[in-house]
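Atoms considered below: every heavy atom in the structure, side chains included; atoms not considered: hydrogens, waters and symmetry mates. What you see is a predicted model, and the numbers here were worked out from it, not measured in a lab. Order of the sequence lines sets the chain letters (A, B, ...), proteins ahead of strands, with each chain counted from 1.
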Amino acid sequence: MDIIVCVKQIPDPEIPPSKFKLDIESKKVVPPEGIPPVMNPYDEQAVELALRLKDKYGGKITVLTLGSEATSSIAKHALAMGADEGIVITNKAFEDSDSFSKAYILSQAIKKVGDYDLVLCGRQAADWDEGLVGSIIAENLGLPLVTLAEAVDVANGKLKVKRVILDGYQVFTVPIPAVVTVSNEVGRPRLPSGWGIISASQKQIPVWSVDDIEADSSKTGASAARRKLVKLFIPERERKCEIIERETTAEASIELVDTLIKAGAI
Amino acid sequence: MDFELTEEQRMFHDMARKFAEQEILPTLKENERQEKFDPGIIKKMASQGLLAPHMPKEYGGLGLDYITSAIIWEQLCGASLSVTQAAVSGPIQPATNLLDAGTEEQKKKYLPPVCKGESIMSGAVVEPTAGSDSSMIETVARRSGNRWIINGTKIFITNGEIADVVLFIAQTDKSKGLKGLASFIVERDTPGFSSTPLKGKISWRGGSEGTLRFTDMELPLENQVGEIGGALRDALRGIDTARLFLAAGAVGLAQSCLEASIKYAKERVQFGKPIGGHQLIQEIIAKMATKVDAARWLTYRAADLKSRGIRHIKEMSYAKYFSTEAALWIASQAVKIHGSFGTIDDYPVGHHYQDAITATILGGTAQMHQLTIGQQLLEMAAFR
């Protein structure tokens, strides 16, 4: 089974809150000094799911990532886990793309990769949490889509996808090829092995540009963005503790409900 | 000169740290309370490629340089120096010794299983009367026809109770002193071999030590490793790698204490503000951080010299002596910063403090390394 996994580089979500800074003027996150970015944890779980399928059925795993050449470290992380090939797609024209543009670029890259049975994406990226790219890729490629998968298997030449819902799970049977977004219920991704790290660090990661994937630049970048970022800020959190004391518990409860309604909490 | 980690080193750093968090930390507290070492961690490290990073690929290692190996050991020991030492000591000390002194047949037979976690190897030098002074070794090897007959006792032997195979030193002719010492390799099921675990430790409680007894133990001649008279020199090659491991491990231990202390000093509020805002705490944190950094670079420098095959006796002693002594001081200060909480095992600093005591003794005491440095600088020995 040949699988393409789309992975994203994000600021390390484990950094202490004091290290998280914004540039209000440019409406951008300031990369924390001395803390390298990491692979989006949901994408890492997508790589893990791909590796489980490869362990069972064989095939090839290709990892696509969008960003600068520095993003190759994320592709190498996937290679060290066991993926076969990593490709970085980068171009000035891609900067400040929104989810629609990123999905367009990735769709073009997927077309260039060619043969595949399955495209996996993380359910969302842990930086902006939009969760759109996987769905839009499916739309762009005209493929069936299942979101929030916790397991994928193959049965009778079709994909059998277990999808997480609030009170249980659903099972979908989907023709191949398809796009599946992967949820954290997949479980802990495997660590890169020592031999995987040595092999990955010696590999050159191909870098594709706008021309390589025959992308229309007018559909990428800030000018093509459908999502307009109006303001970026860190919300202020205020903690207050108010003790409601009344003669009876019933009176206190009514007062508590009134207070919460006034505060907009319920 | 470049002080940045390479991409490969960064990947090993991150992987080893996560491995330690996932595989060592969850069971550490309970195992230490029971003075228990779980040998299952050896197989886990082997399957991850962390058991023998410095050993050549042909014998089951990763063939990495010593700086990268030190980075891995540092990260593993950030969880527990004693557990990591018990897990990796086979590939580090006796295996390195065998790699240098063994025949090709011995190396092919014993090294791959040890580096792959399929067999546990111990190195046995220390005896009740012979610690830093190997000339006091009393384990006797007597030649009888085509056999060696071994009698003696080895103590404080890492994994002595669970080792499948032991590389040890014995005296073949007491009149020759150090020149009478020879190395031998023995498998556990050999008649005359017995072992008992070491219990009641106040330090290194996550590790694994035992006492070995050899009673009229017969070995074929081919179990001799290296030449008679070369045993101490051969063993010191393995011990040199063990010293690098201990220096790197001490850096990892100290870094963990520093991180825990900074976190606690930001959270713990006394006299109306986090204790990190008090000048005396800041002074301690500043000293801790400076010592960690100094220890790390002394260790990496020694590792670099070792990787490049450059003589490094003095530099390895700098690294082992300074790093372990610094780690002991840093761990003691970390306990103090945590106050009474530092004395219970819900926080990492207490067990690091215990391990740091033993780290100053293993692989040559601080005093022996001071004497080694003095000898190198003054060109005269103070201990022989």
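- Within 6.0 Å of CG on B:L280 lie no more than 12 heavy atoms contributed by other residues, nucleotides or ligands.
- With a 4.5 angstrom heavy-atom cutoff, B:L62 touches chain A via backbone and side-chain atoms both.
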Tell me which donor-acceptor pairs, judged by distance alone and kept under 3.5 Å, run between chain B and chain A, one pair per line.
from: B:E7; atom 1: OE1; to: A:K76; atom 2: NZ; distance (Å): 2.9
from: B:E8; atom 1: OE1; to: A:S201; atom 2: OG; distance (Å): 2.8
from: B:Q22; atom 1: OE1; to: A:R188; atom 2: NE; distance (Å): 3.4
from: B:Q48; atom 1: O; to: A:G194; atom 2: N; distance (Å): 2.9
from: B:Q48; atom 1: NE2; to: A:L191; atom 2: O; distance (Å): 3.4
from: B:Q48; atom 1: NE2; to: A:P192; atom 2: O; distance (Å): 2.5

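- For B:A46, the part lying under 4.5 angstrom from a heavy atom of chain A is the backbone only.
- Residues B:L51 and B:I42 meet the side-chain proximity criterion, which asks for heavy atoms closer than 4.5 Å.
- Side-chain contact between B:I285 and B:I281: present, with at least one pair of heavy atoms (C-beta onward) separated by less than 4.5 Å.
- In this structure, a donor-acceptor pair under 3.5 Å is absent between the side chains of B:T241 and B:Q93.
- Between the OG1 atom of B:T27 and the CD1 atom of B:I24 there is a distance of 8.5 Å, given to the nearest 0.5 Å.
- Of the atoms belonging to B:I72, not a single heavy atom falls under 4.5 Å from chain A.
- A heavy-atom distance below 4.5 Å is found between the side chains of B:F37 and B:N159.
- One finds the CG atom of B:L246 at 8.0 Å from the CD1 atom of B:I92 (value rounded to the nearest 0.5 Å).
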